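Everything numeric here is computed off the predicted structure, so don't read it as measured data.
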2 protein chains.
Amino acid sequence: MQSFKEENYLKAIYQLKIGDQKEVVTITDIAVQLGLKTPTVLEKIKSMAIKKLISYDKISGVQLTKNGFDVAVNIVRRHRIWETYLYKELKFSWSEVHEIAEQLEHVNSAKLIEKIYAILGYPKFDPHGDPIPDLKGVLPKSERRPLSKSVEGCKLLILGVSEHSDSFLNYLSEKHIGLNDRFVIEKIDGFDESLMLISKSKERCLVSAKAAKFIQVACLKENCACKASGGTTKA
Amino acid sequence: MQSFKEENYLKAIYQLKIGDQKEVVTITDIAVQLGLKTPTVLEKIKSMAIKKLISYDKISGVQLTKNGFDVAVNIVRRHRIWETYLYKELKFSWSEVHEIAEQLEHVNSAKLIEKIYAILGYPKFDPHGDPIPDLKGVLPKSERRPLSKSVEGCKLLILGVSEHSDSFLNYLSEKHIGLNDRFVIEKIDGFDESLMLISKSKERCLVSAKAAKFIQVACLKENCACKASGGTTKA
DNA sequence: TATTAAAATTAGGTATACCTAATAATAAAA
DNA sequence: TTTTATTATTAGGTATACCTAATTTTAATA
Ligand SMILES: [Mn+2]
Ligand SMILES: [Mn+2]
Ligand SMILES: [Mn+2]
Ligand SMILES: [Mn+2]
């Protein structure tokens, strides 16, 4: 068994590796992720290596063992299932669920999590569009993809950006496009592939094909024609 | 704010004082309750006294301050609401809920607990028959008391148990004593205080004085001689 | 390659939370 | 009232989980 501190280390390593697609996870990466100092992290990493939850060497950095991976996946799974339960069953708002799920993910009862997962009807994605791993750690194909791969009628959730220049971020704020905003694709231009988005408050904005490549979205519409690729995710 | 360790100390003190009706709560009492050694408890009690969560002196023992009482009541409230939710909404068995509630009681979200309490319809008692305190810490009045405080002729309704070990629960099922069953007290032995119960179907069963302390009942006989004292409850 | 920047590591310290063993203070019993 | 338990307290130790400051190693760059 492992403490919730160790669970948080394992989850952080999982996020860096699987979420952020880092080939090598460093002590510094983990320290930044958890808001700790590197000597603290190094010390813990050494002790977790002795426990065979991870392996660590300078060439390949920190890596999850089979055992460590199983624990990490389980925490991510619980987090995303709880977020979904809080959102769908208990009617919490989209922005409230993460903080509570950070606590609930450490409640250790397989029966409890499978029970609420069954009540939810075995969903594949959490309210942020992130994939819920199955009991073996296999992820459903992620809905996260660039805005450019949309079709008309997509119900989109803005998940992030893959470009961080000021000019691009200014572009987004001028168009009133923010993280976690929702839009529907009204029209995609046949010539230049620019996209007309409508917000919940019926505000329209036109996004160029170039910009659309750098906006990461998930389509929340069931069985939408857009579903066809992969990318990065967060809890 | 306080850690979940401190929450457990405060809850233990509350249980000893309000549940077990101890006038003076000692370091040893707390150590036994939490399965710790007295020096460990003394150290913590000193630090919690500095934090004004409790007071401690040899004459009056350990006492909850206003602040400490509020925290303790809140943990007990969360515990009992979660137990009820697990039992009623998530269909867990009577004997499974306590262990999971021990974890869930430390999840810190007033909104979450009030939401599930509303879903349950604001019940006054948990699945073991223990009272759920309101937000101010006031307990609903109940006729509930241990079977041991009976007199001959009491017409009893089994409301719950204040002990959750397998051996005790097996004892009850062997004697065919279950939740909501009714019995009359035929005889109380003058020497060992064991009780002979008769069920509606005229089945007799003998309950030891020790077991009777952990069986919670209400007496349905008007003006019965048994009505005259207090009792113990557990979470 | 020499210099500089970044990352990892070592050394040493603090706070919490537990323990055992020994002693002191109280309460109970003989 | 002595003796004996029980309870509380002190002293000293371990493990975890954090920190800062200094140093070493490795990588980048001029
Ligand atoms: Mn999420
Ligand atoms: Mn989250
Ligand atoms: Mn209960
Ligand atoms: Mn309980």
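- Here the P atom of nucleotide C:dA6 and the CG atom of A:Asp29 are 15 Å apart, to the nearest Å.
- Remark: the B:Asn67 side chain and the B:Thr65 side chain contain no N/O donor-acceptor pair separated by less than 3.5 Å.
- Taking the side chain as every heavy atom from C-beta outward, A:Pro146 and A:Phe214 never approach each other to under 4.5 Å.
- Between the side chains of A:His79 and A:His98, at least one donor-acceptor pair of N or O atoms lies under 3.5 Å.
- Listed by chain and residue number, B:Thr84, B:Tyr117, B:Leu120, B:Ile132 satisfy the side chain to side chain contact (heavy atoms under 4.5 Å, CB included) test with B:Pro123 (two or more places apart in sequence, or in another chain).
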Sequence neighbours excluded and cut-off under 3.5 Å, please list the side-chain donor-acceptor pairs for residues 44-53 of chain B, or say none.
from, atom 1, to, atom 2, distance (Å)
B:Lys44, NZ, B:Glu6, OE2, 3.2
B:Ser47, OG, B:Lys44, O, 3.2
B:Lys51, NZ, B:Glu6, OE1, 3.2
B:Lys51, NZ, B:Glu6, OE2, 3.0

Show me the side-chain donor-acceptor pairs of residues 22-36 of chain B shorter than 3.5 Å, one per line, residues at least two apart or across chains.
from, atom 1, to, atom 2, distance (Å)
B:Lys22, NZ, B:Asp29, OD1, 3.0
B:Thr26, OG1, B:Thr28, N, 3.4
B:Thr26, OG1, B:Asp29, N, 3.0
B:Thr26, OG1, B:Asp29, OD1, 3.4
B:Thr26, OG1, B:Asp29, OD2, 3.1
B:Asp29, OD2, B:Thr26, N, 3.0

Taking N or O atoms only and anything under 3.5 Å, show me the protein contacts with nucleotides 21-29 of chain C, one pair per line.
none

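- Evaluation of the salt bridge (charged side-chain N to carboxylate O under 4.0 Å, His left out) test over residues 105-115 of chain A, restricted to residues two or more places apart or in two chains, returns A:Lys11-A:Glu105, A:Arg77-A:Glu114, A:Lys111-B:Glu96.
- In terms of the side chain to side chain contact (heavy atoms under 4.5 Å, CB included) criterion, residue partners of A:Asp134 (sequence neighbours excluded) are, by chain and number, A:Lys136, A:Val138.
- Summarising the geometry, the separation between NZ on A:Lys44 and P on C:dA8 is reported as 19 Å, rounded to the nearest angstrom.
- Residues satisfying the side chain to side chain contact (heavy atoms under 4.5 Å, CB included) criterion with B:Ser55, sequence neighbours excluded, are B:Gln63.
- Using a 4.0 Å cut-off on heavy atoms, none of the residues of residues 45-57 of chain B approach DNA chain C.
- Residue A:Thr28 is in sugar-phosphate contact alone, with no base atom involved, counting any heavy-atom pair closer than 4.0 Å across all strands shown.
- Take the nearest nucleotide of DNA chain D for A:Ser3 and for B:Thr38: the residue whose nucleotide is more 5' is B:Thr38.
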- Query: Can you give the dot-bracket line for DNA chain C, where a pair is Watson-Crick or G-U wobble with both atom distances under 3.5 Å, crossing pairs use [ ], and | marks a partner on another strand?
  - Reply: ||||||||||||||||||||||||||||||
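- Using a 4.5 Å cut-off on side-chain heavy atoms (C-beta onward), A:Leu90 and A:Trp82 make no contact.
- Residues B:Gln15 and B:Asp20 form no side-chain contact, since every pair of their non-hydrogen atoms from C-beta on lies 4.5 Å or further apart.
- For A:Glu7, the side chain to side chain contact (heavy atoms under 4.5 Å, CB included) test picks out A:Gln2, A:Phe4, A:Val71, A:Ile75, A:Arg78, A:His106, with sequence neighbours left out.
- The salt bridge (charged side-chain N to carboxylate O under 4.0 Å, His left out) contacts involving residues 57-69 of chain B comprise B:Lys66-B:Asp70, where partners must be two or more places apart or lie in separate chains.
- Running 5' to 3' along DNA chain D, contacts with non-hydrogen atoms of chain A at under 4.0 Å begin and end at D:dA17 to D:dT26.
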